Structure formats: structure tokens, C-alpha cells
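The structure appears right after this line, and notes come after that.
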Amino acid sequence: MNQSEIALPLVLVIDDDQTIHLWAKRHLSAAGFEVVFAINGHEGVDAFKKYSPDIILVDIEMPEMDGFATCSGIRSVPGSSNTPLLMITGTEDAERIERSYLAGATDFIVKPINWQVLIHRLRYMIKASKVFLQLEKSESRLSKAQQMARLGHWELRIVDDNLYWSDEIYKIFEQNSDSFTLDQPGFLNMVHAADRLYVDEGFEKAIKNGTGLTIEYRIITGTGKQRFVSQHIEIIKNQQDQLVALTGTIQDITERKDHENQVRHLAYYDVITGLPNRTCFLELLSTALELAKRNGRSFAVLFLDLDGFKGVNDTYGHHVGDLLLKEVSRRLTEGLRRSDIASRYLHHHNYIADVARLGGDEFTILLNELTQPEDAAIAARNILKWISEPVLLEDHKIFSGASIGIALFSQDGQDGETLLKNADVAMYHAKKMGKGNFQFFHDFMNIKAKKRMELENYMHQAVANNELQLYYQPVIKSVTGELIGAEALMRWESPQLGFLYPVDFISLAEENGMILKFGEWAIHEVCRQYQDWQKKGMGYLSIAVNLSSLQLNQISFVPMLKAILNEYQLDPAFLVLELTETMIMVDSEKILGTLLELKKMGIKLSIDDFGTGYSSLSYLKRFPLDSLKIDRSFIKDVTNNSEDAAIVDAILALAAALNLQVIAEGVETGLQKEFLENTACQAIQGNVFAKPMPMADFQEYWKSH
Ligand code: C2E
Ligand code: MG
Ligand code: MG
């Protein structure tokens, strides 16, 4: 260290003996000290105040104010306590030494003074006092920091179970260090009852493993408030590896916990209903699984989907939809709490957690500790009853319902995801069974669901891979037997799934929207084919194509149709679009506009499967229709069931009144054909003449007719 850069250590010498001054000056200056002198006690105290020396030498034997008095005088100056003070004494008697220390001396030295020894002593004492000062400073800084961090330290001695807390811990626990009897039982008593075992185990674990450990738990403070703390536990062992003490810190982490809880709430709970969300439900499920596996118990997962929720949203708006979800959530939680199923099977302390909203209009219910599957059925039946009670939301009386699927642990799945998925599959089945009911999961459902998924997968490439085909079924004019038209019927030749009929894939294509692509392809294909026939000079036939409601509702439908007809330069009069009754009854105003536009283009419109829907006469009158197709179901028994015969007669009368052509569909037998030939029915389509056939076969058929 370069001496010139820092101030030299300053020694104050208080002595009435001038020769000491001289010796001190010589030896101490030479050793790198700066020295100031005082000739008596009074001057000495003044000099101390004036120079703030690093160390003081005081002679005990002085007139007037002796060394003891001088020492006391200096020590009474504020801030003096850290300055080392050395007494110079002529004799080494015990009483003087005792009095020196009492007066506040740090050490003493006996005359005659050995200056070389003294110099080393001074250096050491100054250094020690500096270190001490620094320590004090950093200790006070540390305690300030700890105060700010709400962090305190503690120590538990093993020999006598003596527990020590720093001030900050007393503050965190809101206890008074004077009145609070601090021991381990007293401390544990302040830990939240539900966390005591956990804290106890934490200590045991730290001791057993011999390593540090941090635990977080709740405490109830002296004023009865709940706070979260984080406690760090360190193990202190002696050289023989025996445990001597535990020590560590305790920090108040209430604010952080509150924040974490907020974040957790957002991540784990549904905003609209306040119910646990999917993530949370899956965790609840895994807890239930563990418990059930351990105890050899069973439980049920109920998957609930509201019936007609989309309709409520579309009709009354999302706001009312949200209100309905809240109401359903209320009915579920309250109903389950009230019912005796609940008291037997739901966790009594957090029943709410066992109802969750997965998203959309899907809810799940976890029925714990099931003794028999019938109990899940009872719960499901009750739930359906609660949900189907009408609800008044903003002056709208809304009738809701639900479909429920039930999966049981362990027969329907060994893990949460599987159980949830299978409950979903069962729910889907309940929908298929007509909604408003519940279904237990069965393995065959999964096979169905798997098939469906496969179908859906391959469906996406069907158009691109040219796997679709159109079959044509002739339409024959009754009486004359003349070929007047054909219906184009879709087939799917899938390399993976085989040859598929519409019944296998149309409804799925309608559900997932693929029907739009398929339908467009069919129109394209019919037009392309028709143009080819035109080029070959085959003559005129009307070709019917089936439409799905999705297509008709597409804004781009009419422009798309125009573009295709334009592409093949075709007169649209050959084209018949087949619609169903339900398709035009729903949202009829919008559909009417579209149909009028199609009509204006010269396209013909036909009602398919007539008699199976619920169209009214007044509606039919408004639509620009050309023909009706009597559904196969009426034709089937027309010769041996007088009711069906009467219906066919009625449809024919109706058609005549509306000036519509009639085509009888699905005519299979000669008897049926004869029956129809004796009525006003103009056209017949059915196996009795020809089954639907591939394009090439149909072309031959056409040529020979
Ligand atoms: P649809 O429009 O009522 O078609 C008539 C159905 O009756 C056809 O079934 C046809 O093969 C069948 N059929 C005709 N004559 C007889 C008969 O004498 N006996 C019996 N048992 N059946 C007969 P397919 O081809 O299986 O089509 C079923 C349904 O699929 C169609 O009913 C139609 O609604 C739909 N579909 C077919 N192709 C398409 C399409 O390209 N687009 C749309 N959206 N739907 C289509
Ligand atoms: Mg049809
Ligand atoms: Mg039909």
C-alpha cells in the first residue's frame, strides 16, 4: 500500500511528562504515525474532539485530572466508543488495571515503554478497531436490508432447544419479544393449522438429509392476520458430525404470494363462470387418480355439453350466452352441493373444484369415491333435470338442455386425458341419441370415434387426389318410359377406406365443412360431363345435383355457379338443384333471395325427400320451385299400406295445385311402378329401371334409350 496516498494513522498522546512526548515523537513518527500531544486531561479531551485520533495513549499518573478521569471524559464524547485507548501505567497492580478497563480503556502498557512492542500493538489495535467499525456498519446495513426485505434470521440450539429470533421475525409474526415465550411449540402454534404437519416434516427432512431446505407456509400473526412466509433451514454440525443447531431465515412473502395467486387464478380459472378451467381440471383429475389408485376406489368423469347453445348465442347475442353459462355453472355447483350424491361423493371441503368449464359450452364434473356406476347415473339424471329448467335472462325465457357422457375409472381409462376423452366420446354419443340424455362410455364408441377421425383425415385429400366420382341414376317419364333426366350421386373411392356411399361420409362432411369442397366439385364435374355430352351430340337431359344447406348459405355460391356455367359455356336450363324442405325453412328470407337469383339464371329447383320435412303449403307457394321428389319411404309401402297411398295422393294433389312436377324416388318393384303409372305422377326414379351407375355405363344407357 502506498503510504502517501492515504492519511497517516493519528496517535493522541496525553501525558504530563515531556520526555514521553519526545520519545513518542521520535519512535512513532519514524514508524509512520502522526502524533499530537496533550499535557493534561482537559487538553486531552479537547484534542480528542478536535483531531478524532485513531488511537489514544493516556498516562494514568497526572496531576488534577488523572488517567482514569481523562479516559471517562473521552468515553463520554459521543462516537468515541470505537477508538482504542491505551493506558500507560508505572505499576502493574490489579486494581489499576481493573479501574482502567472500567473507565473505558481498551488495553494498557507498562513503563518503561518498549517502543518497538508498542508500535506493533498500536498498528494491530487500529486495524482491529477499523475492522470492528466496518463490521458494525455492514451489520447495520444488513439489518436495514433485512428490514426492507422483511427478512429475519433465527437459530435453534439443539442441546437445550433454545430458539432465537431476530427483531424482524418478531415483527413479521407481530409478537412482542418481551411478552412472547419463544420456543419451538410456541412457534409451531403460530403456523396455520393446515400447514403444521408440512412445517414439521420440513424440519425433519432437513435434519435427516443434512442439507439446507426452504419451506413456504402460512402463519397467523399475533393480531390474527394470515401471512405467507418462506423459511430457510440450514444445518450446523460440529466436527464430530453431530447436529448442534439449526439456523436460517424467515421472510414475509405475502405480497409475492398474493401476486402468484392472482396469476394462478388467471391460469387456472375460467373468467366467465369462475369455475376451474381445463388445466385445473386435469390437475384435479390427476389428484383423484392418485387417491383412487392408492385406495382402490373408483370415480366418474362427466362430460356435459349444452344442447342448442349456439342457437342462444346466435339469437340473443354473446352477452346472453355468457349469462346462460353462468347460470348453468351456478346450477351445477349448487345442485351438486345440495344433493345427497354430493354429500357422499364430492370432496366436502372443495366441492366447487369438482365442476369445471372446459371452454365453449362444455362442462366437466368429477364425482369422487364412487361405490357403484349407478351413482354417476343418478347424478347425471339430476344434472339434466337442473339444466332443463327454463331460465329467464334479460326478459328472454330460455330453454336449455344438455347431453352428458360418463367415463368411469378404472374401466374406461387409466389416466386423466383418456378418461376425459372417453367421457367426451360418450357425450357425442348422447348427442347422436337425440340430445338431452346421458350415456356411459363403451368401447365400441371409441372404435366409431376412431373411424370418424380416419374418415376425416382422408377426406381432406379426396378432392385433390381425384377420389370422388359421380354415379348417375336415370329418371324415366312414366307411361312413355322415355329417359328424361338423371340424378348425380356422389361416391368416394378411397384407397385406404374402400368404396364409400354418401351415407358413410356426407353427414361428417357437413359437420366439418368439407361438403363445400365436395359440392363444388360435384357441380364442376356435372358441368364438365354435360359439356362433353353436348359435344358428342347426345341431346338434352336434365341433370340433378344435390345441395347441402352449407352451400346454399355461402355468399359465394351463386357467383361460383355462374363462373362454372360460364367456363363450360352451358345453358343453365339442364341443371336441377335438389334442396330439402328443412334447408329452405330455416332462415327462409335469405334463402328465398338466393333461390330467386338461381331461378333468374334459368336453373331448376327441386325439393328432395319430400314429405319427411315439415314444410307448410304457404311456404312452398312462396318459393320458385319446379319439382318435388316424393321420398322413398312413402313409395316403399305404397301398394300395401293405404295410409302411404293416401299420402302419395295428397302430395300429388298438392303439387298439382302448386303447379309442380312430381318425381317418385326409390321405386323398386313393378307393382309400385304400376301404382304410380295410374296416378298423376309424371316421373319415376328407382332401381326398377336402373340403379345409379358410373358415367360410362350411364352414357351407354342413354345411347340405347
Ligand atoms: P337422395 O338425393 O334422396 O338420393 C336418392 C338415393 O336413393 C340415392 O342414394 C339412390 O341410390 C337411392 N335410390 C334410388 N333408387 C332406389 C331404389 O329403388 N331403392 C333404394 N333402396 N334406393 C334407391 P345414395 O346415392 O346412397 O345417396 C344418398 C343420399 O346422399 C342422397 O339422397 C343425397 O341426399 C345424398 N347425396 C348424394 N350425392 C350427393 C352430393 O353430391 N351432394 C350432397 N350434398 N348430397 C348428396
Ligand atoms: Mg337427391
Ligand atoms: Mg331423395
Side-chain angles (χ1 to χ4, degrees), residues 459 462-463 467-476 478 485-493 499-530 542-554 557 560-561 564 575-584 604-613 625-639 661-676 681 683-695 697-698 701:
M459 193 175 268
V463 172
E467 292 167 17
L468 296 181
Q469 298 170 16
L470 286 181
Y471 272 45
Y472 294 88
Q473 184 173 36
V475 176
I476 307 296
S478 63
E487 179 176 7
L489 295 159
M490 195 178 286
R491 303 290 182 261
W492 174 14
E493 175 109 58
F499 189 81
L500 301 174
Y501 285 85
V503 65
D504 300 319
F505 62 89
I506 291 285
S507 71
L508 179 60
E510 281 178 334
E511 268 174 51
N512 65 21
M514 273 310 280
I515 196 70
L516 293 174
K517 250 185 151 177
F518 283 22
E520 183 175 344
W521 173 85
I523 292 169
H524 218 279
E525 179 61 15
V526 158
C527 289
R528 192 191 60 75
Q529 191 56 60
Y530 199 75
S542 74
I543 308 286
V545 178
N546 292 284
L547 277 196
S548 144
S549 65
L550 278 182
Q551 289 174 277
L552 205 56
N553 282 307
Q554 233 187 347
F557 180 68
M560 181 265 289
L561 204 57
I564 295 175
L575 188 61
V576 182
L577 296 179
E578 291 194 3
L579 321 162
T580 62
E581 290 162 281
T582 24
M583 255 164 87
I584 58 173
K604 305 241 164 51
L605 299 171
S606 178
I607 297 288
D608 205 354
D609 307 336
F610 191 79
T612 57
L625 304 171
D626 298 279
S627 54
L628 296 181
K629 294 181 92 169
I630 305 177
D631 191 67
R632 198 171 77 211
S633 54
F634 303 111
I635 304 298
K636 198 168 157 257
D637 291 325
V638 79
T639 52
Q661 265 224 356
V662 180
I663 300 153
E665 257 192 318
V667 182
E668 287 181 338
T669 67
L671 280 176
Q672 291 166 348
K673 188 177 83 137
E674 268 166 44
F675 173 91
L676 290 163
C681 180
I684 291 173
Q685 178 186 344
N687 294 355
V688 70
F689 289 113
K691 289 186 175 177
M693 52 191 113
M695 190 279 295
D697 294 357
F698 177 69
Y701 183 93

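Atoms within each ligand, like the ligands themselves, are counted from 1 in listed order. These numbers come from a predicted model, not from an experiment.
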I'd like to know if G666 contacts ligand 1, where contact means a heavy-atom distance under 4.0 Å to any ligand atom. yes

Less than 4.0 Å is my threshold; does some heavy atom of D608 fall inside it relative to ligand 1? yes

Distance under 4.0 Å to a non-hydrogen atom of [X]: what atoms of ligand 1 satisfy this?
| X | answer |
| --- | --- |
| E665 | 1 (P), 3 (O), 4 (O), 5 (C) |
| G686 | 15 (N), 18 (O) |
| E578 | 2 (O) |

Any N or O of [X] that comes nearer than 3.5 Å to an N or O of ligand 1?
| X | answer |
| --- | --- |
| M490 | yes |
| Y501 | no |
| E510 | no |

Got an N, O or S from [X] under 2.8 Å of the Mg ion (ligand 2)?
| X | value |
| --- | --- |
| D609 | no |
| D608 | yes |
| S606 | no |

About how large, to 10 degrees, is the angle OD1 of N546, then the Mg ion (ligand 2), then OE1 of E578? 90°

Given R491, K636, R632, E525, identify the one with the heavy atom nearest to atom 12 (C) of ligand 1. R632

In E487, the N/O/S atom nearest the Mg ion (ligand 2) carries the name OE2

Counting N and O atoms only, with roles assigned by atom type, does the side chain of S478 sit under 3.5 Å from a partner on the main chain of C681, one being a donor and the other an acceptor? yes

